[in-house]
Amino acid sequence: MNSAESYSADKIQVLKGLEAVRKRPAMYIGDTATRGLHHLVYEVVDNSVDEAMAGFCSRIDVIMHEDNSVSVKDDGRGIPVDAHPDYDDPPKSALEVVMTVLHAGGKFSKDSYKVSGGLHGVGVSVVNALSEWCWVESAREGTVYRQSYTRGDPDGVIEKVGKSRKNSTTTRFKPDNEIFEEVVFKISIIEHRLRELAFLNKGLLITLHDERVEGDAGKQEFCYEGGLVQFVKYLDETRNALLLKPISFDKERDGIPVEVAFQYNDSYRENIHSYVNNINTIEGGTHLVGFKTALTRTLNSYATKAKLFKKEGFLLGGEDCREGLTAIISVKVSEPQFEGQTKTKLGNSEVKSAVETITGECLSEFLEENPSVARRVIDKATQAFRAREAAKKARDLTRRKGVLESGGLPGKLADCSNRDPSVTELYLVEGDSAGGSAKQGRDRRFQAILPLRGKILNVEKARIDRILGNEEIRTIISAIGTGIGTSTEEERSLFGDDSNGGGNGNGGFDIEKLRYGKIIIMTDADVDGAHIRTLLLTFFFRYMRQLVDQGHVFIAQPPLYRLKRGKTEVYVYDDRERDRKLKEMGGGNIAINRYKGLGEMNPEQLWSTTMDPETRTVVRITLDDATRADRIFSILMGDVVEPRKKFIEENAKYVKNLDV
Ligand code: 0RA
């Protein structure tokens, strides 16, 4: 899609120096924890994907090396090495400028790339600055050039190091442990992003080799000729599809390429993911609004014309048309404006009409040509409409009872005295007996306790009316105070701002009404506990998504063992720590007490091991990744058994810390 016009170094714009990056890394990559660490890889890979989007690269090879360095090789044109016109004293190659000058890169110059990844696009110089060491090899016109760097500074000038018949770029870097809290890459995170990129760029081959794993087990390949259609199938692997195959189209309008694929399944949830220049727009935006508007309008006008509605003048609502919908919308925009809290909401208004027009035209054509498919979709949406009416009645009932309003706090809740959510905490505790201990052990000034009896409803398998009919869930909702919304970010974006979860007409989610800044899930360290935890997380993810997004949800970490010798008592939180401590204590005469449930601890023990902010550990739940989380929840909570078995087997070793 790009002109093959020869590059000249002066297209690279120079904005700023690099020192700032090492001083304030979080400004550039978000944080210096797991998320930021993995951003480094995304940044480097995105540059290669840009080269692929420009039509010059068909293969990207990513290797996680044993020393925790990463290399990324692509078969594109190679980074130019000619002298950069802005640097003559001393002279610098374009490659050196790309690697050492902040915000330098062809991608920032409008005409050298038609589109480019905007969000991760902080520039590969940021990766260089945050690496203990880094090197780049660019193979161009037969020669391999190389330059290496230490913490962003060149070790020397660019050198010719060999010959190559093919052009390519290879970047290898090792994240600096002076900067990052965590320098070990998680293959599952990298793998997810590479797969996503392969789905979004059909035909592009991306390989991943984890050299930390022996043999072929560490090797994977991602390449999807079917692109978004395969992406939708992948997301819906655990669901029952309604249509034989996803509906899809791929068209350009006003210079904006638009790709869409979607399928309906027999669930009640809407699952739409949108992308701009390969970046997941978590907060949605104009492309999404364009799609939704066109979907609702086109289904209604088709059904009306085909006389599929019984009552004249009847119209389906937007959410009816999206019940059980899984969709991917991917657009390429040359100058994307990102807005919103996390800068993942597309603002360009011209994109709305491009997506809306294309979706409208292509979908009505498809419906005309496939009347039986059309009827199925309309039937599904009509059923959704009826269920929504039933839910409204159920909700009015519960609202009359006052459960969803603030003020009517549940009787089981032992509230705290402080009202300031910046300090208050709500413990959701498994079982009445542990709940009792927690109530006695807590600091009642800022810690509230809500005991939960048994398992809460699996919201993944229930429609909203049943969910609201569930006693345990209603109690949780009223204790937290925010109300609920539909879970999807898209829904929020449709309602314009983040204060309204909206959508199901269930009163909406209002973060301002949050009564506790920390919602802490405290369950037993056994299978049932893990299940209850997952049920609660699923509920928060689907119906109080902002709580999760904004980091309000935590998991308590109760100890697994108490080791006791004489008067010395030590609590340990996993088997490894137990063995280490046993060794430290010198073996012999140590009583090992395994806690099967929270209920086995007395109030003081529970306080000191699990609830005292001075000494406890709580794990914050983060959802970096909506598609990954969605898949994991649907695998764990959905109907189809096989993928769940497989997932649990594969992840058995991580079950203690299932981070989604
Ligand atoms: C600007 C111009 C040209 C290549 C690239 C950027 C380029 C950058 C990266 C980063 C990773 N892989 C890359 N591959 C290419 C070349 C222009 C030309 O040869 O005419």
Side-chain angles (χ1 to χ4, degrees), residues 195-196 199 224 226-248 260-273 291-292 295-296 299 303 308 316-329 363 366-367 370-388 390-391 457-467 486-488 490-491 503-504 531 534-535 537-539 541-543 626-651 660:
R195 183 184 291 109
E196 181 179 52
F199 280 131
Y224 305 101
L228 299 191
V229 166
Q230 272 179 286
F231 198 172
V232 167
K233 286 186 182 165
Y234 173 81
L235 289 173
D236 270 1
E237 198 175 81
T238 63
R239 301 181 175 117
N240 304 311
L242 209 71
L243 316 178
L244 210 56
K245 55 177 197 247
I247 301 170
S248 70
V260 175
F262 60 95
Q263 167 68 286
Y264 285 90
N265 57 64
D266 67 356
S267 85
Y268 310 119
R269 292 219 341 99
E270 122 183 23
N271 185 14
I272 313 182
H273 301 278
F291 171 75
K292 288 180 173 181
L295 180 71
T296 310
L299 289 183
L308 297 178
L316 295 161
E319 61 264 57
D320 303 328
C321 299
R322 298 191 298 272
E323 188 186 275
L325 174 74
T326 296
I328 306 283
I329 296 128
L363 181 58
F366 176 88
L367 297 172
N370 300 274
S372 65
V373 177
R375 198 161 315 121
R376 276 192 171 199
V377 173
I378 302 293
D379 272 357
K380 162 90 178 161
T382 309
Q383 278 169 28
F385 173 84
R386 289 198 199 107
R388 190 156 58 95
L457 180 76
N458 180 358
V459 299
E460 201 68 13
K461 288 188 186 168
R463 260 198 184 119
I464 187 75
D465 49 341
R466 257 192 72 212
I467 294 170
T486 44
S487 54
T488 54
E490 291 84 5
E491 201 72 51
N504 276 344
H531 191 207
T534 317
L535 289 167
L537 288 175
T538 310
F539 171 66
F541 179 64
R542 298 298 188 202
Y543 290 94
T627 51
R628 183 156 142 255
D630 180 81
R631 220 178 107 77
I632 293 174
F633 280 123
S634 64
I635 289 175
L636 288 174
M637 297 289 139
D639 290 323
V640 187
V641 177
E642 223 16 72
R644 173 165 51 230
K645 259 167 78 185
K646 197 166 145 241
F647 179 88
I648 290 173
E649 274 161 28
E650 281 170 5
N651 290 279
V660 287

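The residues of the chain are indexed from 1 along the displayed sequence.
The side-chain heavy atoms of Glu270 and Lys292, taken from C-beta on, include a pair separated by under 4.5 Å.
Here the side chain of Tyr264 pairs a donor or acceptor atom with the backbone of Cys321 at under 3.5 angstrom.
From Asn458, atom CG reaches atom CZ of Arg466 across 9.0 Å, with rounding to the nearest 0.5 Å. Considering CZ of Phe231 and CZ of Arg195, their distance stands at 9.5 Å, rounded to 0.5 Å. Atoms OG and CG, on Ser372 and Leu244 in that order, are 9.5 Å from each other to the nearest 0.5 Å. Remark: Leu299 CG to Asp320 CG distance equals 10.5 Å, nearest 0.5 Å. The distance from atom CG of Leu235 to atom CD1 of Ile272, rounded to the nearest 0.5 Å, is 12.0 Å. Between Glu237 atom CD and Arg239 atom CZ the span is 11.0 Å, to the nearest 0.5 Å.
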**Q.** Chi angles and distances behind the side-chain contact (heavy atoms from CB on, under 4.5 Å) call for Phe366, Val373
**A.** CA-CA 9 Å; Phe366 176 88; Val373 177; 3.8 Å; yes

Q.
Run the side-chain contact (heavy atoms from CB on, under 4.5 Å) test on Leu325 and Leu295 for me, step by step, so that the C-alpha distance in whole Å, both residues' side-chain angles and the decisive distance to 0.1 Å come before the verdict.
A. CA-CA 11 Å; Leu325 174 74; Leu295 180 71; 3.9 Å; yes

Q.
Please evaluate residues Phe199 and Ile328 with respect to the criterion side-chain contact (heavy atoms from CB on, under 4.5 Å), reporting the C-alpha separation (whole Å), side-chain torsions for both, the decisive distance (0.1 Å), and the verdict.
A. CA-CA 10 Å; Phe199 280 131; Ile328 306 283; over 6 Å; no

(Q) As a quick check of understanding, evaluate side-chain contact (heavy atoms from CB on, under 4.5 Å) for Leu316 and Thr382, giving each step before the final call. (A) CA-CA 7 Å; Leu316 295 161; Thr382 309; 4.1 Å; yes

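Partners of Phe385 under the ring pair (Phe, Tyr, Trp, His ring centres under 6.0 Å) rule, at least two apart in sequence or in another chain, are Phe314. With sequence neighbours left out, Lys380 forms a salt bridge (charged side-chain N to carboxylate O under 4.0 Å, His left out) with Glu323. When the side chain to side chain contact (heavy atoms under 4.5 Å, CB included) test is applied to Ala303, the partners found at least two apart in sequence or on another chain are Leu308, Phe309, Ile378. Looking at residues two or more places apart in sequence or on another chain, you find no side chain to side chain donor-acceptor pair (under 3.5 Å) involving Tyr224. Residues forming a side chain to side chain contact (heavy atoms under 4.5 Å, CB included) with Arg376 (at least two apart in sequence, or on another chain): Leu243. Partners of Ser248 by side chain to side chain donor-acceptor pair (under 3.5 Å), not counting sequence neighbours: none found.
Between Arg269 and the options Arg322, Glu460, Arg463, a side chain to side chain contact (heavy atoms under 4.5 Å, CB included) holds for only Glu460.
Of the N and O atoms on the side chains of Thr326 and Asn265, at least one donor lies less than 3.5 Å from an acceptor on the other residue.
The two residues Leu457 and Ala462 have their closest heavy-atom pair at CD2-CB, 4.0 Å. The shortest non-hydrogen separation linking Gly317 to Thr296 is C-CG2, 4.1 Å. The two residues Gln263 and Lys245 have their closest heavy-atom pair at NE2-C, 3.8 Å.
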